[in-house]
2 protein chains.
Amino acid sequence: MRIVVADCSVDYAGRLSAHLPRAKRVLMLKSDGSVLVHSDGGSYKPLNWMSPPCALTTLELEDEQHDAGIVEAWQVVHAKTGDKLIVSLFEIMSDSSHELGVDPGLIKDGVEAHLQELLADQIELVGDGHQLVRREYMTAIGPVDILARDAAGASVAIEIKRRGGIDGVEQLTRYLELMNRDPALAPVQGVFAAQEIKPQARTLAEDRGIRCLVLDYDAMRGMEDHNTLF
Amino acid sequence: MRIVVADCSVDYAGRLSAHLPRAKRVLMLKSDGSVLVHSDGGSYKPLNWMSPPCALTTLELEDEQHDAGIVEAWQVVHAKTGDKLIVSLFEIMSDSSHELGVDPGLIKDGVEAHLQELLADQIELVGDGHQLVRREYMTAIGPVDILARDAAGASVAIEIKRRGGIDGVEQLTRYLELMNRDPALAPVQGVFAAQEIKPQARTLAEDRGIRCLVLDYDAMRGMEDHNTLF
DNA sequence: CTATGCATCTCGCAG
DNA sequence: CTGCGAGGTGCATAG
């Protein structure tokens, strides 16, 4: 990763043509060849950029560029589309490089995890008198999202998905088969809970005696906010 | 603009929860309080970020944070939504600030303008023997994209859109009404040119005697490149 | 001001 | 690999 702070102008020619007049900006040059041109404001979107895969080359300066005060010029060309980004540098305020290594990447305690958390807190949404046994109930083939008990004390295994598809039903089915062999749990009722359940998945689930539950994420979140105020 | 290169971990809580494990990253702190967390790869989207309007505060370190090796911690809170970004810094490799000033901003020669330019250069695409009169032909209610003459010398008004919808047809219709009252121009034939014309728009246009022309942007651009080689 | 549509969108998943 | 939909989308324009 190389970071250059410089007085520069930028031209882009690709899907559209764009030009950035001369000004001080931050240029971020990533090791995959990509370039971001950032100003001191706006959101995360750069003023101009080139996405990978692309290659950066330093251009030979022509006399007139030299006369115009340009001290360095880069050409960044996209490997597939041929889109071109040309950065003309008039003055370099700072130029530094850092070895960052490969990033472990973002862990999204995404919506599914959050849904699980919310439903655990609002387990009565599954049915009156239901009580939480535990989240991530471990079985031999993996964790069931939520294990609960209904008003009569019978086991309820809940699989949570953001978008409920066939494969989610299959997954829950495997858990149910296994859990129903455990005398301490059986009989186990299955509940397939999701923000959105696809018709095919609903059909398959109901055919297997699994109950479908559509979750209203915003309402659940609102409820939570009301309870805890974050 | 402050740029920090540091070994850090990042947590976000807002519409979703997200966590970035400890690693070396580039932190861009803009003067409006916004923060971008970039790794050495990917596209222009940061791994994590906070958009303005927001405010950054340095947190008092608790003992256990200190014991964990954290040397500094920032909290960035969005002014409206309350979304929170927490950056825990374990080691700071580099920390520099630069005064950039206000950016003059991006000048886009957008696709519609480019299409207009290309079609003006390749006016024969409208029909054999057509000749350009002028681009941005001014009328009392605004400029017509292109005014041309057909092989017989009759006026042709061309409205150009990237995606042709109903409103584009309405716009051209207004121009045509006005221009057809001008004896020096009348009769004026209308041409609705776009990369893609929606069925409803096509129906409306043809019902009003306006000719539809689908433009192949890439082919026109290719033609241009072939002529000028950029 | 909010609502709507586009984007050099980016990103991830299903088919 | 390609097409489709969602996004902490961002962004400009119309109403």
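Because only heavy atoms are used, hydrogens play no part in the values below, and waters and symmetry mates are left out as well, while side chains stay in. Note that this is a predicted model, so its numbers are computed, not measured.
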Less than 4.5 Å apart, side chain to side chain, heavy atoms only: is that true for A/L119 and A/I146? yes

Between the CE atom in B/M1 and the OG atom in A/S39, the distance rounded to the nearest 0.5 Å is 6.5 Å

Between A/E170 and A/R208, is the closest basic N to carboxylate O distance under 4.0 Å? yes

What is the separation between atom CG on A/D32 and atom C1' on C/dT10, rounded to the nearest whole Å? 14 Å

Write down the protein N/O and nucleotide N/O pairs, taken from nucleotides 11-14 of chain C, whose separation is under 3.5 Å; answer none if there are no such pairs.
from   : atom 1 : to    : atom 2 : distance (Å)
C/dC11 : OP1    : B/S43 : OG     : 3.1
C/dC11 : OP2    : B/S43 : OG     : 2.9

Which part of the nucleic acid, if any, lies within contact of A/S51, taking any heavy atom under 4.0 Å across all strands shown: a base, the sugar-phosphate backbone alone, or nothing? sugar-phosphate

What is the separation between atom NZ on B/K30 and atom P on D/dG10, rounded to the nearest whole Å? 12 Å

Apply the test side-chain contact (heavy atoms from CB on, under 4.5 Å) to residues A/L85 and A/V35: give CA-CA distance (whole Å), side-chain angles for both, the deciding distance (0.1 Å), then the verdict. CA-CA 9 Å; A/L85 187 76; A/V35 176; 4.3 Å; yes

Return the value, rounded to whole Å, for the distance between atom NZ of A/K80 and atom P of D/dT2. 8 Å

Check every strand shown and say whether B/M50 touches a base, only sugar-phosphate, or nothing at a heavy-atom separation below 4.0 Å. base

Separation of atom CG in B/L106 from atom C1' in D/dC11, rounded to whole Å: 12 Å

Donor-acceptor check, side chain of B/Q65 to backbone of B/E62, threshold 3.5 angstrom: yes or no? yes

Atom-pair distance (CG on A/D83; P on C/dT10), nearest Å: 11 Å

Within 45° of the six-membered ring axis of B/F192 and under 6.0 Å from that ring's centre, is NZ or CZ of B/R211 located there? no

